[in-house]
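Here the structure is laid out as structure tokens; the discussion comes afterwards.
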Amino acid sequence: MEEMKKGLEGVVALDTRISFIDGIRGILKYRGIRIEELVDLPYDVVSYLLINAKIPDEAELSEYSHRLRKDRYIDDKLIDILKGFDFGSDALDGLRTAVSCTSHIDDENNHHSPDANRNKTVRLVAKFPTIVAAMHRNSIGKEPIKPNEELSHGANFLYMLNGRLPTVLEAEAMEKDLILSAEHELNPSTFSLRIAASTLSDMYSAVICGLCTLKGPLHGGARKGVMDMLDEVGSRENARDYVLQKLERKEKVMGFGHRVYKTYDPRARIYRDVARRLAIERGDTGWYEMAEEIEHILYHEFIEIRGKPIYPNVDFYSAVVYKYLDIPSELATSIFAMGRVSGWIAHCMEQYCDNKVIRPRAHSV
Ligand code: ACO
């Protein structure tokens with residue numbers, strides 16, 4: 001039998017046309033286009049690109065955006081269910097339950113025609129932000145806010161979350177966050193989703209697999225971990241002791257390191273710039289300076305002293321952006337999923353189109 005690769009490290013499991021990563025040169029492309037070129041576009045365009053393999057023309061974008069806006073509303077039954085639970089420290093548990101409930105309300109849940117899958121695609125992408133915002137409003141004892149069809153995907157989310165229109169920069173930051181979170185080749189959550197899709201399970205079930213896997217602190221849960229860490233550190237002056245003690249205890253610092261990137265994650269660079277601009281707009285550079293200090297200390301420790309290529313990953317400066325957007329850490333993983341759902345759906349479709357059930361072997365020891 002073949003040699004076993006722990007954690008499937010370096011194993012190539014499938015071909016994809018959806019994204020490309022060069023982990024040595026720090027390059028990420030969605031459908032052949034570099035992330036730096038995509039990040040200034042509306043999320044709707046990038047979502048369409050991932051799912052349909054082309055940048056939409058004006059008519060296609062107008063139709064897709066219109067459908068996304070009309071499908072933002074969630075059923076009252078779902079709002080009542082969400083009100084009945086306290087989802088505790090990670091709202092992702094609630095999002096997982098809500099997606100499962102949404103599948104029962106969707107008449108096309110177990111229909112697999114291309115039309116049914118296109119309809120489910122729109123519903124999933126459109127409703128994720130409404131569900132996450134409604135969960136948050138419940139948790140603070142306030143009524144959910146209805147979607148505003150005039151606003152972009154990201155701006156509408158912030159509006160439903162906080163009950164006020166975001167500033168231009170806040171709306172831009174949210175759109176960029178959703179784009180940067182949207183897709184990343186065969187990461188753990190996408191792989192688990194593709195396994196589900198390869199059994200010809202339905203799209204909702206596959207997305208729920210993705211959500212369950214995203215939750216873990218070594219994957220999407222690291223974003224919440226970074227936000228909690230920034231709270232614990234508290235100030236730039238405390239950063240050195242905090243980080244060095246963690247390394248001494250051989251604990252992982254959340255938001256650093258990556259299985260594929262052995263250089264600076266290109267998404268982290270963009271998030272860092274957004275975080276800096278938000279800090280200036282807010283007139284409060286505290287979180288940003290603390291994060292920069294942690295980065296400098298760890299650059300010295302990991303790269304200069306230990307010679308290990310461990311750099312900030314996507315979760316590090318995105319957590320700082322969330323701090324400036326007043327997003328509670330309990331929502332961080334769910335907001336990551338709001339962006340990632342487009343990439344997941346693209347992978348689901350790709351798997352359905354050229355399917356072979358994914359079933360590796362294990363050495364019996
Ligand atoms: N802090 C401290 N040490 C680290 C870190 C870190 N963040 N990341 C890696 N290392 C060290 C490990 O301790 C290990 O050291 P060793 O060789 O002395 O044992 C070495 O670097 C290799 O690390 P592994 O965990 O074996 O690398 P792997 O490729 O399996 O894991 C991972 C990558 C899970 C991302 C890891 O870097 C990590 O746990 N980071 C912190 C959590 C995190 O930020 N996750 C988000 C990743 S991005 C995403 O999924 C959205």
Side-chain angles (χ1 to χ4, degrees), residues 4-13 19 21 23-24 26 28 30 35 90 92 177-193 209-230 232-233 239-240 242-272 291 294-322 329 331-344 347:
M4 190 276 288
K5 296 272 173 62
K6 198 168 180 188
L8 300 183
E9 187 159 8
V11 171
V12 175
S19 59
I21 307 172
I24 303 300
L28 170 61
Y30 296 171
I35 192 72
D90 195 334
L92 193 98
D177 170 58
L178 296 173
I179 291 167
L180 295 171
S181 302
E183 163 59 13
H184 211 236
E185 201 223 51
L186 215 50
N187 59 85
S189 54
T190 302
F191 189 45
S192 69
L193 165 133
C209 280
L211 284 169
C212 295
T213 314
L214 187 74
K215 182 182 174 189
L218 297 188
H219 186 23
R223 198 166 293 193
K224 173 180 176 350
V226 177
M227 294 183 79
D228 293 343
M229 173 175 82
L230 293 173
E232 272 178 56
V233 174
R240 176 167 297 279
Y242 180 93
V243 167
L244 294 183
Q245 280 166 21
K246 260 199 168 307
L247 294 187
E248 212 171 287
R249 293 195 298 267
K250 304 243 174 281
E251 288 173 12
K252 295 269 181 74
V253 182
M254 293 290 116
F256 280 79
H258 201 274
R259 174 62 65 81
V260 181
Y261 291 115
K262 299 305 164 199
T263 185
Y264 214 100
D265 182 328
R267 300 166 299 174
R269 219 182 281 288
I270 301 170
Y271 273 119
R272 188 175 62 184
I294 293 172
E295 184 188 342
H296 287 151
I297 297 163
L298 287 179
Y299 183 85
H300 182 64
E301 292 295 323
F302 286 144
I303 316 285
E304 294 176 345
I305 296 184
R306 295 171 175 77
K308 286 184 180 181
I310 301 176
Y311 294 85
N313 60 43
V314 68
D315 292 315
F316 190 63
Y317 280 104
S318 57
V320 185
V321 167
Y322 287 6
S329 71
L331 295 187
T333 327
S334 301
I335 297 174
F336 193 157
M338 277 166 33
R340 182 55 57 90
V341 68
S342 294
W344 282 340
H347 278 275

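Numbers here are sequence positions counted from 1. Both ligands and their constituent atoms are indexed starting at 1 by order of listing.
- Scanning the protein heavy atoms around atom 47 (C) of ligand 1, the nearest turns out to be Asn313 ND2, 3.5 Å.
- Counting protein heavy atoms under 4.0 angstrom from atom 22 (C) of ligand 1 gives zero.
- Of the heavy atoms in Lys308, only side-chain atoms (C-beta onward) come closer than 4.0 Å to ligand 1.
- Close approach of ligand 1 to Phe302 (heavy-atom distance below 4.0 Å) involves ligand atoms 1 (N), 2 (C), 3 (N).
- Of all atoms in ligand 1, listed by their number and element, those nearer than 4.0 Å to a heavy atom of Asp315 are 46 (C), 48 (S), 49 (C), 51 (C).
- Between Glu251 and ligand 1, a contact under 3.5 Å exists for no N or O pair.
- Which parts of ligand 1 touch Phe336 is read off a 4.0 Å heavy-atom cut-off, strictly below it: atoms 51 (C).
- Only the side chain of Ile310 comes within 4.0 Å of ligand 1, judged by heavy-atom distances.
- Under 3.5 Å, the side chains of Asp177 and Tyr322 contain a donor-acceptor pair of N or O atoms.
- Some N or O of His219 is nearer than 3.5 Å to an N or O of ligand 1, by distance alone.
- Checked by distance only, ligand 1 and Phe256 come closer than 3.5 Å through their nitrogen or oxygen atoms.
- Within the 4.0 Å heavy-atom shell around ligand 1 one does not find Phe316.
- By the 4.5 Å heavy-atom criterion applied to side chains, Ile294 and Leu230 are counted as neighbours.
- Compare Leu214, Asn187, Val253 by their heavy atoms: the one nearest to atom 6 (C) of ligand 1 is in Val253.
- Ranked by closest heavy atom to atom 37 (O) of ligand 1, the top entry among Pro309, Ala268, Ser318, Gly257 is Gly257.
- For atom 19 (O) of ligand 1, the protein comes within 4.0 Å by no heavy atom at all.
- For the pair Arg269/Tyr311, no side-chain contact is recorded, criterion being any heavy-atom separation below 4.5 Å from C-beta on.
- Of the candidates Leu298, Val243, Leu218, the one placing a heavy atom closest to atom 45 (N) of ligand 1 is Leu218.
- Atom 27 (O) of ligand 1 lies below 4.0 Å from none of the non-hydrogen atoms of the protein.
- Residue-ligand proximity: Gly7 is placed with every non-hydrogen atom at 4.0 Å or more from ligand 1.
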